[in-house]
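Below is one structure, written out as structure tokens, with a few remarks after it.
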Amino acid sequence: MSDALSVPAPLQFPANGRAGSDVVIIGAASSNFGEFFHLGYADLARRATAGALQDAGITLDDVDAAWLGTAFAYTYSDQGNAGTSLAEAIGMRGRPVTRVAAYCASGLDAIRQATAALRARTCDVALVVGAEKMRDVGPRGSLVMQHVDRGHPLISKGRTAPGMFGLVAERYAAVYGDPREAMTAVAMKNHDYGRLNPRAHFRQSVTASAVESAPRLSGKIGLLDACPTTDGAAAVVLVRAEDAAGRRAAVLAGVAMSNDVGYFTAQYSGHSDFLGFESTRDAASMAYAQAGVTDPSTEFDVAEVHDCFTVTEIVNYEDLGFCGRGEGRDLVLSGHTGPNGGLPVNTSGGLQACGHPIGATGVRMVVDVCDQLWDRAGERQVHGARTGVAHALGGPGSIACVAVIRDVSAQATRRQSPLAR
Amino acid sequence: MTVLGISKAAVYVPHHRLAPDTASVLDAGADISLAGPDEDAATMLWEVLDRLTELPEPADLLVRLPLTEPEPRRVMALVSATGVASPRSCLHLAATAASTDVLAAMATAPGGALAVVVDRNGQGDPLGTPTPEFACALRVGEPLVAKVESVVTSYELTFDRWNFADGGTEQDRRFIEETLVARTGSTLLAAALEQAGMTVDDIHGIVVTCGTPLRAARLCSLWKVKHAWPVLSQTSGDGATAALVQALRGLTEAGPGSSVAIVDLGWGGGASVLTAGPNIRDVDFQIDSGPRQEYSLRAWIAARGNQATPGPWTSPSELVREGPDLLGLVGGRCQRCSSTMFPRPGVCEACGSSEVQSRPLARLGTVITHSVDELYAAPAPIQMVVVELDNGGRFYGQATRDTEPWFAVGDRGRLVLRRLHTGMGLPHYYWKVDHE
């Protein structure tokens, strides 16, 4: 956590063109991510909450509303069905706690909703926690079996999470060319970063041959092209900018969410071109407009994007405007999104290495962007990082959230990343 | 009997076969056609009706389903919902009805009636020797495919269907050949020939169904015929389709104007003489119809053994609401912007209009992407396919095959009816994608 804060010059908050105040992050923390048989849902939520409150220099009594991002309840955990699961875990009484469910974008959408509440002045200090406890059941007891056993009696049969992105990899190959080499590069890059992240689920590098010879899950998606299911929680504390005077803070310059296709019917929709996700493009467009971002290929120093599968990261680059359509492969293969590149992506290790406790992921991404902006990323630090973007993609691309985060106070130390080659 | 004409005929031959070592363990021919794990008598009946062109609308049906299909009304509901035929009436024959019983019933059916017969082996003893599985559809009308010259039936105390272990002993076979075949069979054949005004010299060959395996050579020598095609017909009701299909193939071989006899044996039996019509060679027996899939022994036992694992959760009320449109492949067409969508949405996904009208979709289309999934139906992979349908809308679902060759982007696909699962003990059917 940070040292005692000195009081810098008055903070400058760029106007975002929207009515209401800017909202800033003043505390951000995450539990370790992994498989924790000794920690339950409540334990994880408590750890993340305690860390964020301490980082913000406040107590739970200062929080007047909370939001909880948990994607699925009664699937692999009996917690997370309502805000009660957080309220009870941290002992928050007499105040509203709202559970937000938006598949894999739950955590980031919870941040968006807290931001809206702060702007509307329905609360002054918001706590947002993302949490998911997935490893109390075996891996096939969770998402795969949810689709096999539950879901629509007819049209959901045959769907798996890797399968839905396997469709993207095959279409991408048919239209632009085989993404295999680039997918491998994503896996290697993210696991290299994960190796250096003490909170990551998997902390070892992977070789190209290990990635490409791993068992196939669906189509081009192999075991090492996929994120694991993981236990974990992350938390942030948000206030309005005018209430953060004198504090180290990062402004949520833009935060948006878009719903574009159905959950069971996404692949039937004429909106799906299987080369990317309209929801990402729409959410990014709105968030960038709020933040005044006009050239996403040059204006970000660091990004956390939704790499549930390696091919997803490639199309995310294109949908987020880091490059043009069909250029995602070159972006990673050139090293541009790696440690010495112009836009390091997923310096946390991403979902690939951190793991994907679904509801926690969006909040964890914001925590990791804040770590970069506040010079706390250790060996993975991108020196001089001032502006970051977080992106989460929910369901089979039904929902996406994008958040643009700017540091307005910290002066990062110059440090060379050990991943430099 | 009045002369019975068959104006059209169709045959559905499923693609599965036994792998050589499976065939050896089961003591079965390696080339017998077998339904896939996602096929049953209902889907086979659907397939053969789909192959019969110019169906009457509405249709009078005569259906002989095997014992493995306990709910003929469910089968007819699927036929009606999927639009492959519009049944006005349906006479269900017993599962043990023989081919000549079907022909006799057709002789009293209204003109244009469709007879559909399905053979599918029983379940429960996967190590029993399987017999060929197919479906056959015949339309009553002008004798363009064939003319049924005669049908005779007799009921006799032949005491022939006891439990033959392993196909019977030599003594069993001799008993059957000397009583059922030599006496009853000969009498039936003679009566059928007399009714047809023919002699055995006019016959290209004879199909004989019986509960014990018969030897073709013995039959040829007994009845002085050129060709004999014995068909094993056990009490689960298989054999009737095999007999009809074999008779049609015999007529196709010998050409228009040739004749074939069928003799069905069992507690007496039936016999019939058929003559090939001018269009006999229009019947497609799907001899070389595309890549086959093989059952390993493990896969055969999984498919045909007693299935104790319960199917997935389901919702009958959701199915009642949505089943007709999903199984009817009814999509929606926006009246404002003309976008076509499937499943039919309440509002247009393109323009938001609520003026979305029902529109039946094409069952043919082009594959735009796919993924071979190893997780869902492990250990066998399934290929999930997205098909852009020819008249608009998209379908996303399983391909019929569980081995290569897989679909590739740009391939043509055809939606066919298959069984998806048996949740809550209720068979669920949906579309899958087959090669065009």
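Quick note on labels: first sequence line is chain A, next is B, and so on, each numbered from 1.
- Counting heavy atoms from C-beta on, the side chains of Tyr430(B) and Ile155(A) come closer than 4.5 Å.
- Residues Glu374(B) and Pro215(A) have side chains not in contact (no heavy-atom distance under 4.5 Å, counting atoms from C-beta outward).
- One distance of note links NZ of Lys157(A) with CD of Gln398(B); it measures 10.0 Å at 0.5 Å rounding.
- Nearest approach of Ile382(B) to Gly158(A), heavy atoms of both residues: CD1-CA, 3.8 Å.
- Both the backbone and the side chain of Ser269(A) have a heavy atom closer than 4.5 Å to some heavy atom of chain B.
- Side-chain contact between Arg216(A) and Pro381(B) is absent, with no heavy atoms from C-beta onward closer than 4.5 Å.
- Residue-environment remark: CD (Glu181(A)) stays at or below the threshold of 12 foreign heavy atoms within 6.0 Å.
- Atom OG1 in Thr160(A) sits 3.5 Å away from atom CG in Asp373(B) (nearest 0.5 Å).
- Residue contact with chain A, scored on non-hydrogen atoms closer than 4.5 Å, involves the backbone and the side chain of Ile368(B) alike.
- Among Gly219(A), Gly166(A), Ser218(A), Gly262(A), the residue with the largest count of heavy-atom pairs under 4.5 Å with chain B is Ser218(A).
- With a threshold of 4.5 angstrom between heavy atoms, Tyr268(A) approaches chain B through its backbone and through its side chain.
- For the pairing with Glu170(A), the side-chain contact (heavy atoms from CB on, under 4.5 Å) check across Val386(B), Val385(B), Thr369(B), Val367(B) returns one residue only, Thr369(B).
- Considering all non-hydrogen atoms of both residues, Pro153(A) and Thr314(B) come closest at CB-OG1, 3.3 Å.
- Closest of all the heavy-atom pairs between Arg159(A) and Tyr396(B) is CG-CE2, 3.7 Å.
- Here Gly270(A) is the residue among Gly270(A), Ala174(A), Gly163(A) with the most heavy-atom pairs under 4.5 Å with chain B.
- Around atom CZ of Arg298(B), no more than 12 heavy atoms belonging to other residues, nucleotides or ligands sit under 6.0 Å away.
- Considering only heavy-atom pairs separated by less than 4.5 Å from chain A, the leading option among Met341(B), Glu349(B), Glu322(B), Met384(B) is Glu349(B).
- Taking OH from Tyr429(B) and CG from Leu154(A), the interatomic distance works out to 12.0 Å, rounded to the nearest 0.5 Å.
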